[in-house]
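Here, residue 1 is the first one in the sequence, and each next residue gets the next number. Basis for what follows: all heavy atoms, side chains included, without hydrogens, waters or symmetry-related copies. Whatever order the structure lists them in is the order used to number ligands and atoms, beginning at 1.
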Amino acid sequence: MSNVTVIGTQWGDEGKGKIVDWLASRADIVVRFQGGHNAGHTLVVGEQVYKLSLLPSGLVRGKIGVIGNGVVVDPRALMIEIDRVTAQGLTVTPETLWIAENAPLILPVHGALDRAREAARGDRKIGTTGRGIGPAYEDKVARRAIRICDLAEPETLDWKLDEVLLHHNTLLAGLGADTFTKEELKAFLAEITPRLLPYSCAVWDRLDDARRAGRRILFEGAQAVMLDVDHGTYPFVTSSNTVAAVAASGSGVGPNSVGFVLGIAKAYTTRVGEGPFPSELYDAVGRTLGERGHEFGTVTGRPRRCGWFDAVLVRRACRVGGVSGIALTKLDVLDGLEEIAICVGYELDGEKITSFPSAPGAQARVKPIFETMPGWNETTAGARSWAELPAQAIKYVRRIEELIEAPVTLLSTSPERDDTILMRDPFED
Ligand code: IMP
């Protein structure tokens with residue numbers, strides 16, 4: 001029996017929510033280890049629709065949810081989310097939600113700086129969610145972050161706030177944005193402290209106990225490898241590492257606890273925000289994928305850019321992400337297309353290349369090389385076994401496996417939790 005770590009292999013929004021929910025029902029503890037409330041997914045359980053951004057999905061299934069030290073926590077967003085799910089009938093208590101005491105906070109200065117910088121970038125904007133994720137991570141590595149444990153020490157908070165304000169107000173003023181006063185930030189922290197502190201604990205210690213007791217842990221990644229700050233399409237990335245290795249450092253367990261790494265890949269590709277996207281479609285097929293796949297951001301509502309499956313990028317994500325097997329989602333969105341294409345390489349300045357370049361200029365210039373195959377007319381929606389899939393759809397899945405050099409261990413054929421074809425149980429690996 002193993003733990004399982006779930007990561008996205010494209011640019012996010014691969015349909016992780018459904019897979020994580022399905023796996024969470026079989027786990028004891030679900031851990032978020034990076035990102036913040038820039039992530040978002042919708043879980044449908046019976047009549048209830050839960051929209052989660054920061055809370056680990058396991059809470060919906062009555063499991064223990066953990067927010068690890070690798071997450072940046074916006075306390076106000078967290079409280080709003082807790083209030084929302086509580087109103088929907090969930091019980092969130094310090095027994096069911098553990099938050100790492102060493103997790104850094106997102107403060108109002110971070111969101112303000114994120115938005116002011118994006119505005120100043122003009123055409124070169126990254127397309128961030130504007131939620132302060134980047135500035136909060138910057139403060140963490142600059143050793144200036146206010147962490148949850150600091151809330152219990154007014155004397156520490158006092159000098160830390162001076163340092164935070166000196167840095168951020170200088171930048172905000174330079175960008176022509178409103179600055180903050182110490183009183184404003186103190187009032188913000190005073191409001192959230194009594195609600196936040198009861199959840200804070202030594203997550204690393206509790207997870208170690210859980211591991212020793214043989215409890216099943218599911219690590220729930222946010223965003224995806226192509227948005228990883230090192231391995232993604234930098235600088236059009238998020239500010240955390242999204243690969244599976246971070247499940248360990250972002251929650252305080254050793255690398256051997258990461259277990260089976262399930263990479264989630266959509267049967268086509270989408271991206272929100274700016275940045276290179278070689279297999280992007282600008283035609284009617286792209287629009288069809290967007291409409292059928294309901295491709296609108298959960299967090300920002302922005303329409304997602306759509307394109308064909310890029311096997312080169314997913315192969316790379318599998319390698320750097322340490323993927324043991326792939327969960328392929330939304331295959332049904334391709335039903336009825338006459339022809340389907342897969343990006344198998346690129347052309348850069350007249351040369352054929354089989355790997356995505358690192359420099360942004362080259363990334364923007366690459367042209368996709370597509371391999372095409374006939375589509376299928378039958379519906380795959382709701383299929384629960386290979387036998388129910390049209391031969392051409394099976395060929396498509398097999399070709400993807402070959403190209404990305406990783407097995408498809410799970411296939412999702414509709415948003416319904418049970419419309420899943422399981423080839424291998426990741427927890428039993
Ligand atoms: P940030 O994480 O808000 O700094 O945004 C940086 C980039 O990551 C932008 O292109 C966002 O659209 C993208 N991004 C952040 N979170 C998600 C997500 O959960 N799904 C998809 N894209 C995301």
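The number of heavy atoms from other shown groups lying within 6.0 Å of OH (Y234) does not exceed 12.
No side-chain donor-acceptor contact under 3.5 Å links K330 to the backbone of E14.
With sequence neighbours left out, the side-chain hydrogen bond (donor to acceptor under 3.5 Å, both in side chains) criterion links D230 to N241.
Ligand 1 lies under 4.0 Å from heavy atoms of W11, D13, N38, A39, I126, G127, T128, T129, Q223, L227, V237, T238, V272, G273, R302.
Salt-bridge formation is not detected for the pair E274/R121: no Lys NZ or Arg NE/NH1/NH2 atom is positioned less than 4.0 Å from an Asp or Glu carboxylate oxygen.
When each of I421, V333, D332 is checked for a side chain to side chain contact (heavy atoms under 4.5 Å, CB included) with T380, only D332 meets the rule.
H167 and E138 form no side-chain donor-acceptor contact under 3.5 Å, judged by distance and modelled atom types alone.
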